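Here the structure comes first, spelled out in structure tokens, and everything after it is commentary.
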Amino acid sequence: MELDMQYFEQMEQKIPHGKVRTRFAPSPTGYMHVGNLRTALYTWLIARNAGGTFILRIEDTDQGRLVEGAVDVIYRTMKECGLDHDEGPDVGGPVAPYIQSQRRDTYGKYADLLVSRGGAYYCFCQKTEEPENADPKNVVKHSCSCPLLTEAEVAEKKAAGLPFVVRQKIPTEGTTTFRDASFGEITVENSELDEQVLLKSDGLPTYNFANVIDDHLMGITHVVRGSEYLASAPKYNLLYEGFGWEVPTYVHCSPVMRDAQHKMSKRHGDPSYEDLIREGYLTDAVLNYVALLGWSPRGELAEQEFFSLPELAKAFDISGISKSPAVFDIQKLRWMNAEYMKKLDPQVFYTMAEPILKKAIQNPAIDLKAVAALVQPRCEILSDIPERIDFLQEVPAYDTELYVHKKSKTTKENSLESLKAVYPVLEALNEWTNEALYATLMALAEKMEVKNSLILWPLRVAVSGKASTPGGATELCAILGKEESLKRIQKAMELLA
RNA sequence: GGCCCGUUGGUCAAGCGGUUAAGACACCGCCCUUUCACGGCGGUAACGGGAGUUCGAUUCUCCCACGGGUCACCA
């Protein structure tokens with residue numbers, strides 16, 4: 001077999017050296033898992049922290065799983081999150097192409113190279129049947145006589161058009177050791193390692209092979225990935241050794257769990273990044289939360305909870321990555337999201353809330369900006385808004401028991417009396433602002449010699465029909481306007497009578 | 001089942017041989033108050049178990065238990 005050594009030389013020459021280079025290499029599934037997002041974030045952070053290069057590579061070697069438009073989801077998500085890449089399919093780069101399906105020839109050539117170096121062999125055996133139904137207690141490693149085939153026999157079979165795969169050759173004795181940046185040194189017996197397929201019969205590489213080739217040819221210095229690959233890492237090391245290449249730094253990350261024993265999964269209805277955004281979470285909050293889910297800052301920053309992306313880039317260090325799986329706590333994310341919402345510039349918040357407000361409130365007399373200001377500190381996620389403000393559109397049917405409040409010492413009876421006293425006073429009020437309303441009602445309370453709450457509680461219930469509202473009685477009246485407020489008080493009095 | 005990895009309160013976690021074992025979310029209580037919320041203050045709650053090593057182990061070693069990962073021509 002003839003090998004084009006010049007080709008390999010050319011490829012080697014393209015590889016950039018001397019700088020940290022990381023890559024996020026998703027396979028296009030159509031959505032971004034929270035775990036994936038975290039891996040992408042960490043990978044980006046390692047590059048940015050070191051002033052290195054961040055690369056986006058698409059791993060689409062499984063032709064049976066192609067999903068329409070899935071690559072766009074990746075671009076959009078990365079962009080939205082601010083995880084910009086320096087090299088990738090869309091922006092190009094020195095080691096293009098960045099889509100694995102377009103690198104098909106490369107893998108084939110390197111597979112041949114590895115065979116010639118004794119690290120792999122052509123295998124003409126039949127496809128392994130139904131791995132899912134196999135008895136896990138009785139798994140057998142692949143073993144066949146194909147490695148014994150002479151070069152002439154191989155050429156003959158190939159010429160005859162027999163389908164074949166390329167399999168990795170594993171030493172029968174000894175051990176293989178590799179080092180992971182967070183897990184440390186791990187050693188396994190070579191006899192435990194399977195002679196895995198590197199090149200499939202369709203000519204495309206398996207993930208295991210494509211990764212090693214691409215990571216090397218792209219000059220990747222830090223390989224960041226999920227810990228599910230920890231067990232196969234020794235095989236990658238053998239591959240690097242087989243080629244005579246330098247092994248990159250591995251950074252394996254433990255999974256994000258939905259509970260103590262299950263990973264987050266789309267199948268179980270756990271939210272993906274897009275789902276969270278659709279539910280009204282803020283990208284920055286999600287990123288902040290996810291960053292701290294499995295990583296924590298050291299030293300001075302150990303107490304800090306809020307990090308912007310640049311702050312994370314500055315603070316990030318691999319040693320802070322946790323080895324054990326972390327349970328995703330939506331409650332804490334909600335809290336963090338609420339904190340981000342509160343800090344938002346009111347104008348920005350309004351822009352985000354506007355479509356929701358418009359949908360919930362059709363009454364043109366209501367100032368949506370005022371509503372936004374009221375609701376901003378009182379919702380944890382954007383989608384909380386409708387239920388908080390629906391009463392502005394229409395008073396919901398409510399139980400008059402709402403008027404009974406121990407702390408305010410209100411009863412249905414004294415509430416009715418309060419409202420009766422309030423109505424004419426407000427009817428006579430011309431300046432319809434929160435301040436004027438407040439001052440007026442305070443004066444009324446003083447005159448009647450009752451506690452503020454005896455007046456304000458019934459009024460708030462009367463205009464909202466709710467036990468809990470964003471803002472107090474006078475704020476609500478101010479927003480509703482005089483006519484609507486009086487109408488609602490009138491109705492409430494009828495209800496109480 | 002083999003191999004690999006992990007194990008600090010309900011959750012995220014700090015700790016890297018000597019600490020009253022941080023902090024955050026959640027929960028509970030109190031205060032503030034124009035309800036709820038916000039805010040302030042405080043509280044409940046943890047080193048999986050057993051042997052070592054050591055003057056001293058949450059920190060180091062080993063065993064066990066539990067949990068996870070992996071064992072595909074999927075990534």
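None of these values were measured; they are calculated from a predicted model.
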Whole-Å gap separating P (B:G68) and CD (A:Glu228): 15 Å
Taking OP1 and OP2 of B:G15, is either one under 4.0 Å from a side-chain nitrogen or oxygen of A:Arg298? yes
Candidates B:U34, B:A26, B:C5 - which lies nearest the side chain of A:Trp335: B:A26
Pairs under 3.5 Å (N/O, protein and nucleotides 6-13 of chain B):
from	atom 1	to	atom 2	distance (Å)
B:C12	OP1	A:Val327	N	3.0
B:C12	O2'	A:Leu292	O	3.2
B:A13	OP1	A:Gly294	N	2.7
B:A13	O3'	A:Ser296	OG	3.2

Kindly state whether the pair A:Trp457 / B:U35 counts as stacked, where counting means centroids closer than 5.5 Å and planes tilted less than 30° apart. no
Can you tell me the distance, in whole Å, between the CZ atom of A:Phe307 and the P atom of B:A24? 15 Å
B:U8 versus B:C16 - spacing of their C1' atoms, nearest Å: 13 Å
Is the cationic atom of A:Lys157 (NZ for Lys, CZ for Arg) positioned less than 6.0 Å from the six-membered ring centroid of A:Phe124 and within 45 degrees of its normal? yes
At what distance, to the nearest 0.5 angstrom, does CE of A:Met257 lie from NE2 of A:His262? 8.0 Å
From the set B:C73, B:C4, B:A75, return the single nucleotide nearest to any side-chain atom of A:Ser27. B:A75
Given atom NZ of A:Lys141 and atom C1' of B:A72, what is their separation to the nearest angstrom? 16 Å
Taking side chain to side chain donor-acceptor pair (under 3.5 Å) as the test, write out the residues that go with A:Asn190, two or more places apart. A:Thr176
Quick one: the side chain of A:Arg460 and the base of B:U34, do they pair up donor-acceptor inside 3.5 Å? no
Spell out yes or no: do the side chain of A:Ser227 and the base of B:C5 have one donor N/O and one acceptor N/O closer than 3.5 Å? no
Starting at atom NZ of A:Lys235, determine the distance to atom C1' of B:C3, rounded to an integer number of angstrom. 11 Å
Would you indicate which nucleotide in B:U35, B:A75, B:G69 comes nearest to any side-chain atom of A:Ala231? B:G69
When we call it a touch if two heavy atoms are under 4.0 Å apart, what does A:Cys379 touch: a base, just sugar-phosphate, or nothing? nothing
Measure CG/A:Leu230 against P/B:C71 and give the value in whole Å, please. 13 Å
B:U35, B:A24, B:C73: which one has an atom nearest the side-chain heavy atoms of A:Ser468? B:U35
Between A:Tyr438 and B:U34, does any side-chain N or O lie under 4.0 Å from OP1 or OP2? yes
Between A:Gln261 and A:Asn211, name the one whose nearest nucleotide on RNA chain B is closer to the 5' end. A:Gln261
Below 4.0 angstrom, N of the basic side chain to O of the carboxylate: do A:Lys412 and A:Glu401 qualify? yes
Is the cationic atom of A:Lys235 (NZ for Lys, CZ for Arg) positioned less than 6.0 Å from the six-membered ring centroid of A:Tyr229 and within 45 degrees of its normal? no
Regarding B:C38, can its base be found pairing with the side chain of A:Arg378 as donor and acceptor, where the two atoms are less than 3.5 Å apart? no
On a whole-Å scale, what distance lies between the P atoms belonging to B:A22 and B:G42? 14 Å
In terms of the angle between their ring planes, are A:Tyr250 and A:Phe178 parallel, tilted or perpendicular, with boundaries placed at 30° and 60°? perpendicular
Once rounded to the nearest 0.5 Å, what's the spacing between atom CD of A:Glu484 and atom SG of A:Cys477? 10.5 Å
Along RNA chain B (nearest heavy atom to each residue), the more 5'-positioned of A:Glu189 and A:Cys123: A:Glu189
Rounding to an integer number of Å, can you tell me how far A:Arg225 CZ sits from B:C4 C1'? 14 Å
For B:U33 versus B:G48, give the span between their C1' atoms, rounded off to a whole number of Å. 46 Å
Just by modelled atom types, is the A:Ala291 backbone N or O under 3.5 Å from a matching donor or acceptor in the A:Arg38 side chain? no
Expressed in angstrom and rounded to an integer, what is the separation of A:Glu380 atom CD from B:A26 atom P? 7 Å
Quickly work out the A:Glu475 CD to B:U33 P distance and round it to whole Å. 16 Å
Specify whether A:Tyr122 and A:Phe164 have parallel, tilted or perpendicular ring planes, treating 30° as the upper limit for parallel and 60° as the lower limit for perpendicular. perpendicular
If you take the centroid of each ring, where Trp contributes its six-membered ring, are A:Trp295 and A:Phe316 closer together than 6.0 Å? yes
Please check: side-chain N/O of A:Lys466 versus main-chain N/O of A:Arg460, any donor-acceptor pairing under 3.5 Å? no
Please list every stem that involves RNA chain B, where a stem is a run of 3 or more consecutive Watson-Crick or G-U wobble pairs with both pairing distances under 3.5 Å. B:1-7 with B:65-71, B:10-12 with B:23-25, B:27-31 with B:39-43, B:48-52 with B:60-64
Any donor-acceptor N/O pair under 3.5 Å between B:U34 base and A:Ser453 side chain: no
